[in-house]
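Reminder, nothing fancy here: chain letters follow the sequence lines and each chain counts from 1.
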Number of protein chains: 2
Amino acid sequence: MKDIKHFLRQNSLRPTKQRVIIANYLFDGVNKHVTAETLSNKLLKMKAGISLATIYNTLHDFYEKGLLKKLMINSERIYFDTNTEHHHHFYSKKDQKLIDINVDMKVNGIPKPPKNKKINKIEVLVHLDN
Amino acid sequence: MKDIKHFLRQNSLRPTKQRVIIANYLFDGVNKHVTAETLSNKLLKMKAGISLATIYNTLHDFYEKGLLKKLMINSERIYFDTNTEHHHHFYSKKDQKLIDINVDMKVNGIPKPPKNKKINKIEVLVHLDN
DNA sequence: ATATCAGTTTAGAATGATTCTAATGTATTG
DNA sequence: CAATACATTAGAATCATTCTAAACTGATAT
Ligand SMILES: [Mn+2]
Ligand SMILES: [Mn+2]
Ligand SMILES: [Zn+2]
Ligand SMILES: [Zn+2]
């Protein structure tokens, strides 16, 4: 991402110092899965003293603009995904790590949803052992 | 379930008054998805004043004996499933409801897991709109 | 540039699901 | 009926997340 400020403005987000730092990290071209905590730790290493409240605010602001996906993998924390394409995941509980599955996968044999309900999206989570 | 006390003993669980009430409800032959809160509400309606601590303890005891499955659907609460067979779910966020998908579904095109990792299980969650 | 103001950041408090503590109660066994 | 290991419980603690309200700052108008 060359012009982060422009990118933020395009998405109706004021390019504040904190948002620029966070966006520069998140949208550096490498897809990431972050939690508020892992992001905070990364920012601390970068000597960016951004409060947890702002980290939560920013993740949600980016989510609301469609720049991040929210992943509900477990009940311990919320993951945010910089890959906003429809895709699936490997999940290692042991490592608390997610790995994108970007290749085409097809789920066969889904029954009809209940009356008046429409399928919104299909999420496949492949749990890893080791 | 006819003899709940026997059933609990078989699973190395003392048939206390509270466990008998909870097991009678959970294992009545109709598969259920409960949270600590929904179970507590149900028990209140049944005039069974069982403390939240006991409800949490019991759900985890049953889980540890393999009588319940734990479902991590969202980051708001933990669901316990009386259907311990491998199966998938419809999920309506709006209704906060899960519906079993017991028919055979096949996921095609899963890539190889990373080195040294084995696939443990594949979980398909079909999100509903309405 | 400076003033203005809506939007943002922040520390710290609040929330809410879950877990823990430690005192009391009970099922089991001899 | 003991003795005791296990279970229940109220209330405190924990921890991720959200909220509050005061201080701050980016954008816009003069
Ligand atoms: Mn985390
Ligand atoms: Mn609930
Ligand atoms: Zn992803
Ligand atoms: Zn189920």
In whole Å, what is the span from the [atom1] atom of [X] to the [atom2] atom of [N]?
X: A/Ile21; N: D/dG26; atom1: CD1; atom2: P; value: 12 Å
X: A/Tyr79; N: D/dA16; atom1: OH; atom2: P; value: 12 Å
X: A/Leu8; N: D/dA27; atom1: CG; atom2: P; value: 10 Å
X: B/Lys65; N: D/dC6; atom1: NZ; atom2: P; value: 11 Å
X: B/Glu76; N: D/dC15; atom1: CD; atom2: C1'; value: 16 Å
X: A/Ile78; N: C/dA17; atom1: CD1; atom2: P; value: 14 Å
X: B/Asn74; N: C/dG16; atom1: CG; atom2: P; value: 16 Å
X: B/Arg9; N: D/dA7; atom1: CZ; atom2: P; value: 13 Å

Using a cut-off of less than 4.0 Å, is there contact between a side-chain N or O of [X] and OP1 or OP2 of [N]?
X: B/His60; N: C/dT18; value: no
X: A/Arg77; N: D/dC15; value: no
X: B/Tyr56; N: C/dT18; value: yes

What does the B/S/- profile of nucleotides 8-13 of chain C look like, 5' to 3', with a 4.0 Å heavy-atom cutoff to protein? SBBB--

Determine, using the 4.5 Å side-chain heavy-atom cutoff (strictly less than), whether A/Val107 and B/Ile73 are members of one ILVMFWY cluster. no

Count I, L, V, M, F, W, Y as connected when their side-chain heavy atoms are under 4.5 Å apart, and connections chain through other members. Are A/Val126 and B/Met105 then in the same cluster? yes

State whether the number of non-hydrogen atoms from other residues, nucleotides or ligands found under 6.0 Å of B/Lys97 atom NZ is greater than 12. no

Determine whether a donor-acceptor pair (N or O, by modelled atom type, separation under 3.5 Å) exists between the side chain of B/Thr58 and the backbone of B/Ile55. no

So that I know where these two stand, are B/His60 and B/Phe80 an aromatic pair - ring centroids less than 6.0 Å apart? yes

Give a yes or no on whether a salt bridge exists between B/Asp95 and A/Lys117, defined as a side-chain N under 4.0 angstrom from a carboxylate O. yes

Lys/Arg-Asp/Glu bridge criterion (N-O < 4.0 Å) met for A/Lys70, A/Asp81: no

